[in-house]
Enquirer: 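Provided herewith is a single structure, encoded as structure tokens, for subsequent inquiry.
In listed order, ligands and their atoms are each counted from 1. Keep in mind it's a predicted model, so treat the numbers as computed, not measured. Sequential numbering from 1 along the given sequence is applied to the chain's residues.
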Amino acid sequence: MKEIRVRIAPSPTGLAHVGNIYIALFNFAFARQNKGKFVLRIEDTDIKRHVPEAEKVIYEAFEWLGLKYDEGPDIDGPFGPYRQSERLDLYRKYAQQLIDKDLAYQKDGAIWFKVPGGQTSWEDLIRGQIQFDHSQIKDFVILKSDDYPSYNFAVVVDDWLMKISHVIRAEEHISNTPRQIMIYQALRSPVPEFAHLPLLRNTDHSKISKRKNPVAISWYQDQGYLPEALVNFLCLLGWAHPLQKDVFSIDEFIKYFSFEHVSTSAPIFDLKKLDWLNGVYIRKKTD
Ligand code: GLU
């Protein structure tokens with residue numbers, strides 16, 4: 001059987017975001033359940049938004065929450081480098097390959113992907129069949145004029161070369177997926193499985209944001225939340241325990257996790273629930 005390989009790919013833009021950690025937990029559990037590998041990749045190609053300290057903050061958050069990755073920039077691995085800024089030659093090489101095959105072209109100093117006619121569909125592990133008609137998708141940039149790749153291109157080249165078998169990420173990327181599948185096909189790479197998790201929401205149903213909720217993991221740490229309470233809370237937001245339990249450990253999550261029990265409706269990020277869970281975990285501690 002093919003090895004299960006999943007990844008979390010945060011952009012180092014300032015803080016370890018609770019939304020990223022939520023996605024990381026699902027990837028971590030799926031990898032552990034299947035004796036696969038969990039990869040951390042730093043997507044640092046957006047130079048304008050790059051914050052030098054941010055990478056360290058990400059490592060610290062993963063460590064605090066017990067999310068041990070098997071490969072990553074700070075520990076390396078067989079498919080490195082794991083920082084996109086160190087992989088620019090690869091993006092260039094494959095963009096050129098697409099030009100040579102007449103599947104991409106140069107315009108205004110950038111390289112554009114030529115969207116073919118037709119349709120793209122996939123069987124999402126959480127949402128079932130999703131289909132896009134290519135008439136809705138225009139040609140798009142894969143390599144910018146500053147020689148940096150666009151997100152859609154870098155992510156495909158990396159997921160392919162890092163042999164990622166399952167892409168588990170937030171639903172905000174659903175509209176990127178047809179573009180990415182087209183690139184996989186153009187590169188003659190196998191296409192991974194996709195699972196799009198529901199996005200965390202503020203109580204007014206907007207996408208979780210720092211204006212309405214604390215999103216930095218360090219805030220939770222400073223406020224005295226226990227890592228196991230935060231982990232339990234985040235798992236519970238997107239997934240229902242088959243025995244309807246509210247309080248469970250990460251090991252139990254790993255044991256019982258299945259995409260079937262992931263909800264497709266927007267989970268509301270309710271700090272009151274976290275406070276309650278935190279109390280449960282604190283009372284379990286000895287003096
Ligand atoms: N850097 C992207 C993000 O943080 C990764 C998305 C993906 O998993 O493909 O949203």
Side-chain angles (χ1 to χ4, degrees), residues 4-31 36-51 54-55 57-59 61-62 67 69 71-73 79 81-88 91 113 120 122 124-127 130 132 140-142 144 148-184 187 189 191-201 207-210 215-217 234 238 259 262:
I4 302 284
R5 291 179 55 83
V6 295
R7 85 301 192 272
I8 183 76
S11 302
T13 51
L15 42 85
H17 193 286
V18 77
N20 270 135
I21 296 295
Y22 155 75
I23 303 290
L25 273 166
F26 284 77
N27 278 280
F28 173 80
F30 185 65
K37 293 281 188 294
F38 173 52
V39 176
L40 171 65
R41 181 172 71 229
I42 297 288
E43 305 215 319
D44 59 348
T45 52
D46 189 345
I47 323 165
K48 279 185 260 74
R49 292 175 61 215
H50 187 236
V51 178
E55 237 185 76
V57 174
I58 292 171
Y59 300 144
F62 274 74
L67 283 169
Y69 39 91
E71 299 165 28
F79 301 100
Y82 293 92
R83 218 177 260 117
Q84 287 190 327
S85 60
E86 293 167 14
R87 302 173 62 81
L88 299 182
Y91 311 130
F113 186 76
T120 291
W122 74 94
D124 197 277
L125 294 171
I126 296 171
R127 287 152 205 278
I130 301 183
F132 281 83
F140 55 91
V141 169
I142 54 174
K144 296 179 261 182
Y148 273 72
S150 65
Y151 155 70
N152 276 314
F153 191 58
V155 92
V156 170
V157 170
D158 291 348
D159 285 344
W160 170 38
L161 298 179
M162 293 180 183
K163 297 197 185 327
I164 298 302
S165 62
H166 293 70
V167 171
I168 306 168
R169 61 182 170 200
E171 64 179 324
E172 61 186 329
H173 289 294
I174 288 177
S175 62
N176 287 319
T177 305
R179 291 175 179 78
Q180 295 176 13
I181 292 176
M182 283 182 221
I183 301 173
Y184 282 110
L187 291 169
S189 143
V191 180
E193 302 274 357
F194 291 96
H196 289 92
L197 291 162
L199 209 56
L200 303 183
R201 306 274 168 179
K207 176 183 162 181
I208 191 167
S209 64
K210 62 179 163 202
V215 294
I217 294 299
L234 291 174
F259 288 111
V262 174

Enquirer: Under 4.0 Å from a heavy atom of Val155: give me the atoms of ligand 1 that qualify, with their elements.
Expert: 9 (O)
Enquirer: Would Gln180 count as a contact residue for ligand 1, given that I'm defining contact as a non-hydrogen atom of the residue lying under 4.0 Å from a ligand atom?
Expert: no
Enquirer: Among side-chain atoms of Asp124 and His196, is any donor-acceptor pair under 3.5 angstrom?
Expert: yes
Enquirer: Under a 4.0 angstrom heavy-atom cut-off, which atoms of ligand 1 come close to His173?
Expert: 3 (C), 6 (C), 10 (O)
Enquirer: Look at Arg7 together with Asp158 and state whether they make a salt bridge at an N to O cut-off of under 4.0 Å.
Expert: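 Salt bridge absent between Arg7 and Asp158.
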Enquirer: As an exercise, identify every atom of ligand 1 less than 4.0 angstrom from a heavy atom of Ser11.
Expert: 1 (N)
Enquirer: Give me the residue, atom name and distance of the protein heavy atom closest to atom 9 (O) of ligand 1.
Expert: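 Looking at atom 9 (O) of ligand 1, the protein heavy atom closest to it is Tyr151 OH, 2.6 Å.
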Enquirer: What are the two closest heavy atoms between Ser175 and Phe132, and how far apart are they?
Expert: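 Distance-wise, the nearest heavy atoms are CA-CZ, 3.9 Å.
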Enquirer: Charged N to carboxylate O under 4.0 angstrom, Glu172 versus Lys207?
Expert: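 So Glu172 pairs with Lys207 through a salt bridge.
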Enquirer: Considering heavy atoms of the protein only, find what lies nearest to atom 4 (O) of ligand 1 and give residue, atom and distance to 0.1 Å.
Expert: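 Closest protein heavy atom to atom 4 (O) of ligand 1: Ala9 O, 3.5 Å.
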Enquirer: Check Tyr91 against Pro149 and note the closest heavy-atom contact, atom names and distance.
Expert: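 For Tyr91 versus Pro149, the nearest heavy atoms are CD1-CG, 3.3 Å.
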Enquirer: Atoms of ligand 1 less than 4.0 Å from Arg169 heavy atoms?
Expert: 7 (C), 8 (O), 9 (O)
Enquirer: Measure Glu172 to ligand 1 on non-hydrogen atoms and call it side chain, backbone, both or neither using the 4.0 Å cut-off.
Expert: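 The answer is neither; Glu172 stays 4.0 Å or more away.
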Enquirer: Salt bridge check: are Glu43 and Arg83 linked by an N-O gap of less than 4.0 Å?
Expert: no
Enquirer: Does this structure show an ion pair linking Arg127 with Glu171, if we count only N-O contacts that are shorter than 4.0 Å?
Expert: yes
Enquirer: Which protein non-hydrogen atom lies closest to atom 8 (O) of ligand 1, naming both residue and atom, and how far is it?
Expert: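 Checked against all protein heavy atoms, atom 8 (O) of ligand 1 sits closest to Arg7 NH1, 2.8 Å.
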Enquirer: Give the single entry among Glu43, His196, Arg41 that approaches atom 2 (C) of ligand 1 most closely by any heavy atom.
Expert: Glu43
